[in-house]
Amino acid sequence: MFKKILIANRGEIAIRVAKACRELGISTVGVYSTVDKSSYHLRFMDETVCIGDPAPQASYLNIEKIIDVAKKTGAQAVHPGYGFLAENAQFAKACEDASIVFIGPGSKALALVGDKVASRNTVKAAGVPIIPGMEAVSIELGSFKKMAAEVGYPVIIKASMGGGGKGMRIVRSEKELEASIAAGQREAKSAFGDDTVYLEKYIDKPHHIEFQVLRDHFGNVVHLYERECSIQRRHQKIIEETPSPVLDEVLRTKMGDTAKKVIDAADYTNAGTVEFLLDQNKNFFFLEVNARIQVEHPITEMVTGVDLVRQQIMIAAGMKIEFKQDEISQHGHAIESRIYAEDPENSFLPSPGGILFLLEPNGPGVRVDSGIYQGWDVPPHYDPILSKLITWAETRQMSIARMSNALKNYIILGIKTNVGFLKRIMNTKEFINGNYHTHFIDENESDLVPKHDKIHNALIAAALISLEKKGRTKAGVSLQMRDSRTETTPWQELGHWEICRH
Ligand code: MV4
């Protein structure tokens with residue numbers, strides 16, 4: 001087993017990885033940019049090293065610097081977390097060349113799954129269903145027209161090196177096709193440095209369902225069931241749950257077996273996620289492989305009992321997966337809400353700044369993977385994710401109830417957050433009935449964003465300030481919670497109120 005691992009990330013995921021290392025008796029090297037000097041993740045590390053200026057390119061994306069720090073500190077492996085260098089084949093290769101273990105797939109498998117056209121072909125050859133569309137790259141308008149006519153409009157243009165919806169264009173008729181290809185190419189070029197695009201049949205209102213898989217260096221492969229990720233906004237997942245409310249046992253088994261086929265076909269090792277689209281007739285199609293530990297991995301951990309980061313480290317160290325497929329089952333139901341420093345009332349713009357008061361929920365079946373503390377300044381340079389709130393219960397209904405209550409007891413004052421937005425999603429009939437698809441947020445956004453009551457907030461803020469001036473310790477602890485059945489608490493609304501900054 002490794003003695004020392006460098007964690008090439010920040011925030012909640014760096015902490016999550018550090019905790020797994022500690023349980024395995026591995027010491028940790030944390031890294032930080034100059035603006036992250038006081039970041040929470042550093043408190044969980046055995047050693048810390050500054051790797052550069054705040055701009056990601058100068059620090060968390062600085063391959064040379066990170067390899068150099070790993071060498072100097074004697075780290076035998078690097079865990080990249082998610083985002084930043086996690087799916088960068090060049091970084092995986094640089095680690096391999098420096099004899100440092102990259103905790104993830106090999107650079108070849110990473111490059112393969114990063115290329116959407118190549119991975120479509122690879123999995124198709126293994127008998128996996130793919131969305132009808134182009135199987136070779138082309139720049140000829142004619143071949144796009146021909147394929148669009150073959151699969152029928154609407155179609156979708158996608159970036160081959162892309163992901164996360166960038167470079168995607170839905171095309172409803174042949175007269176829009178040429179301009180959409182050009183727009184997709186431009187967006188792909190600027191986002192991924194590669195303008196290769198291809199065309200597929202467009203699937204309307206699909207479910208986004210992904211399967212967690214693990215594969216070791218001995219060819220052992222297991223799946224850890226699905227995550228339903230259809231609650232998204234602008235291709236950002238917001239809420240995930242497992243089991244999916246729309247899968248039955250037959251379909252679940254079929255998709256799980258297919259996910260393992262995908263991972264075998266790509267000769268992929270370590271933890272990975274196989275994404276599928278499920279159409280309204282319950283046909284499923286391979287979408288892509290996410291070659292990293294994902295943000296939403298905790299819900300899988302809650303229902304399977306498997307520590308995925310531990311398995312990642314063990315696989316990377318050349319050990320076998322600790323269990324067989326038939327030892328893995330889904331127990332109960334888990335939901336994750338992503339907590340962001342953003343302003344739902346202002347187009348979800350990031351809302352960095354000082355956390356003046358923080359109270360995080362806990363209780364039976366409540367897990368908080370958090371990267372923040374009271375008194376810390378959320379910097380503006382990175383993704384504004386603050387933490388993840390995960391609830392588990394025997395049933396879906398109880399899991400929702402726990403999430404609703406835990407959100408009500410999640411108090412973040414000083415910056416704007418999406419906590420109120422998340423609470424409102426929990427109260428929609430679509431979510432409660434498990435009857436939602438990928439367009440749910442787009443179709444309901446205006447109902448989910450509050451018209452907030454400025455006078456009410458001003459009164460609470462004034463009350464809080466006067467309490468503080470009287471020398472009471474924690475602001476507002478003596479304020480009564482309102483009726484717990486109402487959707488907000490005074491605490492929550494204060495999260496939207498900047499007057500606390502005094
Ligand atoms: C699609 C699709 C429909 N048809 N592909 C989104 C992210 C990327 N991983 C793939 N995505 C999609 N691919 C075909 N052929 C629908 C999505 C999709 C989506 C599209 C438009 C608006 C919101 C969406 C949310 C999730 C998935």
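Remember, it's 1-based here, ligands and their atoms both numbered in the order they're listed. Note that the coordinates shown come from a computational prediction; the quantities given were computed from them, not determined experimentally.
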Apply the test side-chain contact (heavy atoms from CB on, under 4.5 Å) to residues R367 and T391: give CA-CA distance (whole Å), side-chain angles for both, the deciding distance (0.1 Å), then the verdict. CA-CA 6 Å; R367 167 174 168 179; T391 57; over 6 Å; no
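- Those atoms of ligand 1 with a heavy atom of T438 less than 4.0 angstrom away are 25 (C), 26 (C).
- For R396 and F431, the positive end sits near the middle of the six-membered ring, less than 6.0 Å away and at most 45° from its axis.
- Under the 6.0 Å distance and 45° angle rule, R233 counts as a cation-pi partner of F348.
- Between H331 and W392, the angle of the ring planes stays under 30°, which puts this pair in the parallel group of the 30/60° scheme.
- Among all non-hydrogen protein atoms, the one lying nearest atom 2 (C) of ligand 1 is L277 CD1, 3.5 Å.
- Interatomic distance, CG of N290 versus CD of Q212, reported as 10.0 Å (0.5 Å rounding).
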Working for side-chain contact (heavy atoms from CB on, under 4.5 Å), residues Y382 and F84: CA-CA 10 Å; Y382 312 106; F84 294 126; 3.9 Å; yes
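- Using a 4.0 Å cut-off to heavy atoms of E200, the atoms of ligand 1 that qualify are 5 (N), 14 (C), 15 (N).
- Within ligand 1, counting atoms from 1 as listed, the ones closer than 4.0 Å to a heavy atom of K158 are 1 (C), 5 (N), 10 (C), 13 (N), 14 (C).
- Atom numbering of ligand 1 starts at 1 in the shown order; those under 4.0 Å from a heavy atom of K201 are 4 (N), 14 (C), 15 (N).
- Close N/O approach between E288 and ligand 1 is found [any backbone or side-chain N/O within under 3.5 Å].
- Near Y202, meaning under 4.0 Å from any of its heavy atoms, are these atoms of ligand 1: 3 (C), 4 (N).
- For residues 120-133, the set of pairs meeting the salt bridge (Lys or Arg N to Asp or Glu O under 4.0 Å) definition, not counting sequence neighbours, comprises R120-E200, K124-E135.
- Remark: among candidates R233, M168, K116, the nearest residue to atom 20 (C) of ligand 1 is M168, based on non-hydrogen atoms.
- Remark: minimum distance from atom 4 (N) of ligand 1 to any protein heavy atom is reached at I203 N, 2.9 Å.
- In this comparison of H235, K205, E275, the heavy atom closest to atom 7 (C) of ligand 1 sits on H235.
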